[in-house]
Amino acid sequence: MQKIAIIQISEEGKNIVRLIQSQVFAQKNEAEMKEQRGQSQARLSSAESRLNSNEVQIISRVNVGKRWKDFDAFVFVGAMGICVRTIAPYIKDKHEDPAVVCVDSLGLNAISVLSGHIGGANDLARDIAAMIGAREVITTQSDNAGLWQLDMLEARFDWPIASFEDEMDQCIFAFVNREPTALLMEVRDEGTDYLEATKPDHVTIIDDISEADPDKYSLLIMVTPFSRHAPDGMLELHFVPMVGTIGFGLAHHPEDYEAIYDEIDEAFANRGILPCSHKYCTIDVKEDEEFCAMLEDEYDEEVVFFTAEELSQVEVPNPSTTVEKYVGTSSVCEAAAILGSNHGKLIIPKVKGKNWTAALAIDYNHLRQKAGHIEIVGAGPGDPDLVSVRGRKMLEKADLILYAGSLVPKALTECHKQGAVVRSSADMALEEQCELMKKHYDKGHFIVRLHTGDPCIFGAIQEQMVFFDQNGMDYHITPGISSFLAAAAELQSQFTIPERCQTIILTRGEGRTPMPEKEQLHLLAKSQSTMCIFLSAAIVDDVQRELLQEYPEDTPVAACYHLTWPDQKIYRGKLKDLAKIVHDNKLTLTTMLVVGEAIDNRQGLSELYNKHFTHLFRQGEDPS
């Protein structure tokens, strides 16, 4: 639990003190409720994860010295000069000092005063500024220059430092002064994705340690679990990403189990791998072993157990008939490492100790080997700003972008990296598309197949996935904002009305592609739900005729052309005039037809914000 002390310097600041205290408590309560609903800490926002477990106390300024070691952070509310004079006698070292933030008594500025990075004062100042509507004031050079905070990467991404930590200040000095820097990343995780996306101009990514030339670079930053060293004449900062999975076997209740943890690390280090494990795996018959309990209780390691049947299904390089005789599977350590790493690559095969065996594997998703991948990305309705953050990242890293040119604006592809191939699929048959993607895939390229809206809704991706499956190609889908959601936003309409319409139907009219008999429009129209009709402007007469069998003729409709595109047009009217609206305005492709009383509706209120309504986050008032 992070402990924060708030010091009110003057009477004028009491309202700010109360506001900060109440906001911290509110965020703490909200985070606790999320955890009660089963949401893990990892899914909370960065601000929530910093603030949800805070213990906040208001203390007197005269007690700051006595309680300097009792708190992780001090927040002064009042004049900066008084704050500085108060803390000056107690400041020792940035690795030990608590964070100090000063907020003026009017709540206009939240200033990071001490321990900006390591102590977390910069983040705390940002959080407080967001809480009270103040301006954050950060003076750390790397923050203001938009550079990486090298001394924060260890904590931010759980990357232990393998190089000499007493050289950190020299590395930071060289980096913020933009001395030529080489960056070696031999695995991939959230942190390396961040470094690649935010790389400053004075940093050069290298593929091998042999490229770390002291005549070219002053600093070498490494993110790798492998033992590497910078050549003489270069500063070195080595982060170790926790990407390894250790599989282990044990003798029956060994007496010297306490030494095994370090023995495994030493054995791996002798083979060029630094301590990088985030998970230990073994066979389930070892659940009651003291070593397993020690891993969990003393080292806070995750321990996963597999059955003999599960382990026996994994192909390994060093099977043992002896092991199979006793536990029912020919491998424990190698099979457990591979299985625990999501069938990853075995980096260190079986190593034998006195009373143990161990192996290490790394998930292929963490390896930077040349393996092809296809990401099917939803482009959203059209506006480049509406592609997801993940989708944009995929586009920026792609070697090939194959986009549906008849439906997706080319502007969405303009974020591509230098050297990427960008092709429209509008004039390509399925076979040509698959041939192009397979060609790039076999070269180990990262491919983005960019579809309009959300690719899983009328996206024609199924036939592509059949090809991928048949050829053993790795792929994933990044969802997008569908045009029916853009229609609701542009119409400023809530498509679900309490007590009147709680269903949205996504469908299309029957054109050249037949519709299932049970999904004919007139049958779907029986519920008179909000209906969003895709790909049907060309057959609007048939659509109107079927809908009028169930909907009243004065039901509101909207014909939405090129939603969120620069030439967007929206035409409102009644169902009886829908066909005329479409014909008169010559609407064809990329037109969404919306039908239902939800359009422009402002009646029928939700109970969610009724002051008398009780729910998980609020107790309703007694109406009496």
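Numbering starts at 1 and runs along the sequence shown. FYI, side chains are in, hydrogens and waters are out, and symmetry mates aren't considered; it's all heavy atoms of this structure.
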message: Less than 6.0 angstrom separating the ring centers of His440 and Phe446, yes or no?
response: no
- prompt: Taking the side chain from Gln494 and the backbone from Thr496, do they hold a donor-acceptor pair closer than 3.5 Å?
  reply: yes
- prompt: Do the side chain of Asn342 and the main chain of Gly344 share a donor and acceptor less than 3.5 angstrom apart?
  reply: no
task: Verify ring pair (Phe, Tyr, Trp, His ring centres under 6.0 Å) between Phe157 and Tyr194, making sure each step is shown before the conclusion.
output: CA-CA 10 Å; Phe157 298 116; Tyr194 164 76; 5.7 Å; yes
query: So among Arg545, Glu550, Glu546, which one has a side-chain hydrogen bond (donor to acceptor under 3.5 Å, both in side chains) with His522?
result: Glu546
query: Would a 4.5 Å heavy-atom cut-off, applied to side chains only, mark Thr452 and Phe458 as touching?
result: no
field: Polar contact flag, side-chain donor to acceptor under 3.5 angstrom, Ser536-Arg508
entry: no
message: Can you see whether Arg449 engages Ser425 through a side-chain donor-acceptor pair at a distance of less than 3.5 angstrom?
response: yes
- request: Answer yes or no: is there a donor N or O on one side and an acceptor on the other, between the side chain of Thr591 and the main chain of Leu587, under 3.5 Å?
  value: no
- line: Which of Leu436, Asn471, Ile374 passes side chain to side chain contact (heavy atoms under 4.5 Å, CB included) with Tyr441? Answer is Ile374
- prompt: Is there a donor-acceptor contact under 3.5 Å linking the side chains of His583 and Asp541?
  reply: yes
- request: Quick one: sort the His278 and His366 rings into parallel, tilted or perpendicular, breaks at 30° and 60°.
  value: perpendicular
